[in-house]
Amino acid sequence: MDTAPAQDPGQLTFRDAADADVPALVTLIESAYRGDSSRAGWTTEADILQGQRTDPEGVRQVVEAPGSRLLVVERDGELAACCQLEHRGDAAYFGMFAVRPGLQGAGLGKVIIAEAERTVRESWGVREMHMTVISVREELIAWYERRGYRRTGKLSPFPYGDERFGIPQRDDLAFELLVKDLV
């Protein structure tokens, strides 16, 4: 959603997450996607999924996995956002992207995704960035398309029955693969 005028994103710093960051990261991710707090931003999934988005074990797995990084973004010294980067051969996977709801719409997402793309090109020499987005999230997919990602039409099933990923409020959820060439 690029309708808000560009605002100064403040002083941003990027670093890899540590185990000590896990509780704050879980809170951030939950606030961006689930419950009433998520409605302050535009990335909410509250109307299609209830329950949790992630948990400490899931975040810790991303932090500790070989070939994986959880990038922490701080704005003026406070946790503002995060994203997962995972090395997958000639591609990197981008996921677990969350911006604090009160900061959404201010241009932070554009800056963060550009930094994530730069990071994986330089660190891993990958040629593509991949991500999966819930296919009914048309507004979010359109935002990624404006950043150069393309829909592939490749769908993978939503993990119905696994409440670690939330409680679906509809029966037509699937993940669509989006891809961007980085070279």
Query raised in the report: Is there a side-chain contact between Y149 and V133 (heavy atoms, below 4.5 Å)?
Result: no

Query raised in the report: Judged by atom type as modelled, is there a donor-acceptor pair below 3.5 Å linking the side chain of K180 to the main-chain atoms of R147?
Result: yes

Requested in this report: Just say parallel, tilted or perpendicular for the rings of Y144 and F94, cut-offs at 30° and 60°.
Outcome: perpendicular

Query raised in the report: Under a 4.0 Å N-O cut-off, is there an ion pair linking R137 with E139?
Result: no

Query raised in the report: Any side-chain heavy atom of R88 sitting closer than 4.5 Å to one from H130?
Result: no

**Report entry** Step-by-step side chain to side chain contact (heavy atoms under 4.5 Å, CB included) determination, F97 to I112
**Finding:** CA-CA 9 Å; F97 186 30; I112 294 164; 3.5 Å; yes

Query raised in the report: Are side-chain heavy atoms of D55 and R164 found at a separation under 4.5 Å?
Result: yes

Query raised in the report: Should Q169 and Q50 count as side-chain neighbours, where that means a heavy-atom distance under 4.5 Å?
Result: yes

**Report entry** Non-hydrogen atoms of V63 and A18 that approach each other most closely
**Finding:** CG1-C, 4.1 Å

**Report entry** Within-4.5 Å side-chain heavy-atom neighbours: L108 and V73
**Finding:** no

Report task. Could you give me the CA-CA distance, side-chain angles and deciding distance for L178 and T152, then say whether side chain to side chain contact (heavy atoms under 4.5 Å, CB included) is met? Result -> CA-CA 6 Å; L178 305 184; T152 65; over 6 Å; no

Query raised in the report: Would R15 and E74 count as a salt bridge (charged side-chain N to carboxylate O under 4.0 Å, His left out) if you check the C-alpha gap in whole Å, the side-chain angles of each, and the deciding distance to 0.1 Å?
Result: CA-CA 8 Å; R15 65 176 175 82; E74 294 172 325; 3.3 Å; yes

Query raised in the report: Is the CZ atom of R127 crowded by more than 12 outside heavy atoms at less than 6.0 Å?
Result: no

Report summary line: Closest heavy-atom pair, K110 versus W143, reported as atoms and distance to 0.1 Å, is N-CZ2, 3.8 Å

Query raised in the report: When you measure from the side chain of E122 to the backbone N and O of V120, does any donor-acceptor pair fall under 3.5 Å?
Result: no

Report summary line: In short, ring pair (Phe, Tyr, Trp, His ring centres under 6.0 Å) pairs touching residues 49-77 with sequence neighbours left out are none

Query raised in the report: Where is the tightest heavy-atom contact between G89 and V126, given as atom of each residue plus distance?
Result: O-CG1, 3.8 Å

**Report entry** Minimal non-hydrogen separation, R75 against A80, with atom names
**Finding:** CB-CB, 3.8 Å

Query - Heavy-atom pair of closest approach, residues D47 and R39 - result: OD1-NH1, 3.0 Å

Query raised in the report: Honestly curious: do Y93 and L177 fall in one hydrophobic cluster under the side-chain, below-4.5 Å linking rule?
Result: no

**Report entry** For Q61, all residues meeting side chain to side chain contact (heavy atoms under 4.5 Å, CB included), sequence neighbours excluded
**Finding:** E57

If you look only at distance, which donor and acceptor atoms sit under 3.5 Å apart when one is on a side chain in residues 22-29 and the other is two or more places apart or in another chain?
unit_1, atom_1, unit_2, atom_2, d
T27, OG1, P23, O, 3.2

Report task. For the pair R150 and E145, find out whether any cationic side-chain nitrogen is under 4.0 Å from an anionic carboxylate oxygen. Result -> no

Query raised in the report: Cationic tip of R121 within the cone over W124's six-membered ring, i.e. under 6.0 Å and within 45° of the normal?
Result: no

Query raised in the report: For L70 and V59, what are the C-alpha separation, side-chain angles and deciding distance, and is it a side chain to side chain contact (heavy atoms under 4.5 Å, CB included)?
Result: CA-CA 8 Å; L70 188 56; V59 173; 3.7 Å; yes

Query raised in the report: With a cutoff of under 4.5 Å between side-chain heavy atoms, which Ile, Leu, Val, Met, Phe, Trp and Tyr residues group with F165?
Result: I48, L49, I134, V136, F158, Y160, L173, F175

**Report entry** Residues forming a salt bridge (charged side-chain N to carboxylate O under 4.0 Å, His left out) with R34, sequence neighbours excluded
**Finding:** E45

Report task. Compare every heavy atom of A32 with every heavy atom of V99, then report the nearest pair and how far apart it is. Result -> O-CB, 3.6 Å

Requested in this report: State whether R60 and D21 are salt-bridged, where the test is any N-O pair (Lys NZ or Arg NE/NH1/NH2 against Asp/Glu carboxylate O) under 4.0 Å.
Outcome: no

Query raised in the report: Is a salt bridge present between E176 and R151, judged by a nitrogen-to-oxygen distance below 4.0 Å?
Result: yes

Requested in this report: Taking the side chain as every heavy atom from C-beta outward, state whether M96 and V62 have any pair of such atoms under 4.5 Å apart.
Outcome: yes

Query raised in the report: Under the 3.5 angstrom rule, does the side chain of E30 hit a backbone N or O of T54 as a donor-acceptor pair?
Result: yes

Report task. Determine, step by step, whether M129 and L85 satisfy the side chain to side chain contact (heavy atoms under 4.5 Å, CB included) criterion, reporting the C-alpha distance in whole Å, the side-chain angles of both residues, the deciding distance to 0.1 Å, and the verdict. Result -> CA-CA 9 Å; M129 184 79 92; L85 303 172; 4.2 Å; yes

Query raised in the report: Taking only residues at least two apart or on different chains, which pairs with a member in residues 62-71 satisfy side chain to side chain donor-acceptor pair (under 3.5 Å)?
Result: D16-R69, R69-S123

Report task. Starting at SG of C83, measure out to CZ of F14 and round the result to the nearest 0.5 Å. Result -> 8.0 Å

